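Taking it in order: structure first as structure tokens, then the write-up.
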Amino acid sequence: MSSPYEIRTNDNGKSKKQSMAELKLRRLTELNQRLQEDLARRRIPVSEASMDLIAFTDKEPKDFMVPSRWGTIDKRDDPYAPQQQGGCCNVM
């Protein structure tokens, strides 16, 4: 009968410690790969990114949540304004 503290071996003869070491190596290799991909990603200065964002907002439809950029709008044209209810109840 084997002792409960004896190192068990897998079917292919590898010890549990060796398979744990291989698992750690695989995880570190995957982490290293992800970090290398992050390092290779194109980086741009914040000033360039903000200019791109401003150019994007100039081309897109008006954003009613930014009145400093587009000015105020009429309340009936504002989709974010509270809607006036005609009665006291809502039918669902």
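As the structure is a prediction and not an experimental result, all values here were calculated from the model.
With sequence neighbours excluded, the residues that form a side-chain contact (heavy atoms from CB on, under 4.5 Å) with Arg26 are Leu23, Glu30. In this view, Glu48 satisfies the side-chain hydrogen bond (donor to acceptor under 3.5 Å, both in side chains) rule with no residue, not counting sequence neighbours. Every residue two or more places apart in sequence or in another chain was checked for a side-chain hydrogen bond (donor to acceptor under 3.5 Å, both in side chains) with Arg34, and none qualifies. Taking Asn32 as the reference, nothing meets the side-chain hydrogen bond (donor to acceptor under 3.5 Å, both in side chains) condition, with sequence neighbours excluded.
Counting only heavy atoms from C-beta outward, the side chains of Arg42 and Ile44 approach each other to under 4.5 Å.
Hydrophobic side-chain contacts under 4.5 Å tie Leu35 into a cluster, directly or through other members, with Leu31.
Between atom CG of residue Leu25 and atom CD of residue Gln18 there is a gap of 11.5 Å, rounded to the nearest 0.5 Å. To the nearest 0.5 angstrom, Glu37 atom CD is 8.5 Å from Arg41 atom CZ.
Atom CZ of Arg43 sits in a crowded spot, with more than 12 heavy atoms from other residues, nucleotides or ligands closer than 6.0 Å.
Pairing each heavy atom of Ser47 with each of Ser50, the nearest pair is O-OG, 2.9 Å.
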